[in-house]
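Here is the naming used below: chain letters follow the sequence lines, and residue numbers restart at 1 for every chain.
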There are 2 protein chains.
Amino acid sequence: MNTTSSIAHLLKAQGLRDTQPRRMVMQALIHIQSPASPYDIQKWITAQENTINTVTVYRVLEVFESLGLVHRHPSSGLYFPCSIPEIKGHHGFLHCTKCHLVEEFHNPELCVIENAIAKKAGFKAKNHLSEIVGVCKGCVL
Amino acid sequence: MNTTSSIAHLLKAQGLRDTQPRRMVMQALIHIQSPASPYDIQKWITAQENTINTVTVYRVLEVFESLGLVHRHPSSGLYFPCSIPEIKGHHGFLHCTKCHLVEEFHNPELCVIENAIAKKAGFKAKNHLSEIVGVCKGCVL
DNA sequence: TTGCAATTGTAATACTATTGCATTAATATA
DNA sequence: TATATTAATGCAATAGTATTACAATTGCAA
Ligand SMILES: [Mn+2]
Ligand SMILES: [Mn+2]
Ligand SMILES: [Zn+2]
Ligand SMILES: [Zn+2]
């Protein structure tokens with residue numbers, strides 16, 4: 001659920017510190033709702049009467065991504081919090097081009113097929129990435 | 001097969017001109033072999049005793065991508081020629097992290113599943129994107 | 001508390017991408 | 001083949017994105 005305290009625990013479990021900048025970036029991501037750039041995130045934090053350096057935002061996002069707490073949307077480079085961090089393995093994205101919503105999914109069947117494709121081509125698959133681009137329920141008028 | 005003349009025809013069929021910069025960019029993409037940035041492409045062309053403006057490279061790539069002649073690798077932003085332009089529809093990528101080779105695939109079964117996922121989530125899918133990241137046949141020692 | 005290493009801030013810089021406008025060159029037509 | 005048209009390119013300026021090295025700060029364990 002990405003509560004402030006669960007993130008604190010997750011960080012400490014990895015030997016990382018629970019710092020104010022890290023808390024602020026996570027707050028920003030949660031409140032902004034749609035995928036955001038490092039600069040967007042900094043802007044949001046500034047609007048809350050706080051300050052954070054651009055470089056710090058980049059670095060915090062890097063850490064969060066490595067922990068699986070946030071994702072970087074491949075084609076846009078924008079970040080958003082993972083909504084299903086409890087499910088390990090491949091997370092796919094449904095991306096609405098109208099409202100920029102990103103919904104995550106986890107589909108084992110898809111993984112099976114992708115592994116089969118890799119095998120057939122002689123690839124040793126380490127990771128994969130799926131994005132479905134379209135229009136979400138709420139935006140189809 | 002992306003021969004020089006087939007591209008000329010494809011361009012003309014769209015009311016576009018067959019120009020020297022466009023031919024040079026395609027030559028560069030074909031010869032560089034692995035995904036390349038606009039600046040990489042410009043550098044290659046310069047090394048062939050030719051010149052091309054950076055902006056032109058960007059614009060040419062945009063046209064080529066819209067024609068389905070090249071792809072932009074989503075996570076890196078690098079460009080490479082489409083190897084199966086004759087197959088319409090979704091092209092997926094196998095990406096080797098060692099030699100940076102990109103192999104394309106077309107898998108209807110994958111499309112079916114992705115459409116099902118979209119439907120289940122109430123999305124109207126317009127397009128999708130699949131990338132399998134790993135190590136290619138030649139790079140697995 | 002205090003000390004120390006991890007983290008953040010600062011400043012400089014490199015890289016990537018876009019825009020408006022002047023110039024050039026590809027093609028259609030005479 | 002010469003000429004007119006305008007798409008395409010070049011140029012120059014600028015904006016946006018990302019990274020680096022090093023100094024200052026801060027979280028947290030002792
Ligand atoms: Mn996720
Ligand atoms: Mn293709
Ligand atoms: Zn939507
Ligand atoms: Zn390889």
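- Between A:C136 and A:E103, every side-chain heavy-atom pair lies at or beyond the 4.5 Å cut-off.
- Regarding B:Y39, its OH atom lies at a distance of 15 Å from the P atom of D:dT17, rounded to whole Å.
- The nearest pair of heavy atoms linking B:Q42 to B:N53 is NE2-C, 3.7 Å.
- The distance from atom CD1 of B:I52 to atom P of D:dT9 is 7 Å, rounded to the nearest whole Å.
- A 4.0 Å heavy-atom criterion places the boundary nucleotides of DNA chain C facing chain A at C:dA5 to C:dA11, written 5' to 3'.
- Side chain B:R17 to base D:dA8: no donor-acceptor pair is found below 3.5 Å.
- Side-chain atoms of B:S6 and B:H9 include no donor-acceptor pair closer than 3.5 Å.
- Considering only heavy atoms from C-beta on, A:Y79 stays 4.5 Å or farther from A:V57 through its side chain.
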Using a cut-off of under 3.5 Å, enumerate the N/O to N/O pairs linking the protein to nucleotides 11-14 of chain D.
none

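- Counting only N and O atoms by type, the side chains of B:H90 and B:S130 include a donor and acceptor under 3.5 Å apart.
- Remark: C1' of D:dA15 and OH of B:Y58 are 13 Å apart, rounded to the nearest angstrom.
- Dense packing is recorded around CD of B:E65, with more than 12 heavy atoms of other residues, nucleotides or ligands lying under 6.0 Å away.
- B:F80 has its ring centre less than 6.0 Å from the ring centre of B:F93.
- When the P atom of D:dA8 is taken as reference, atom CE of B:M24 falls 16 Å away, rounded to whole Å.
- Taking the centre of each ring, B:H91 and B:H71 come in below the 6.0 Å mark.
- Within the 4.0 angstrom heavy-atom criterion, only backbone atoms of the sugar-phosphate kind lie near B:R72; the bases stay farther away.
- Counting to the nearest Å, the P atom of D:dA7 and the CD atom of B:E62 are 16 Å from each other.
- Applying the 4.0 Å criterion to OP1 and OP2 of D:dA18, one finds that A:T54 has every side-chain N and O outside that range.
- Rounded to a whole Å, the CD atom of B:Q14 is 11 Å from the P atom of D:dA8.
- With rounding to whole Å, B:D18 atom CG is found 17 Å from D:dA7 atom P.
- Side chain of B:H100 to backbone of B:C96: no donor-acceptor contact under 3.5 angstrom is found.
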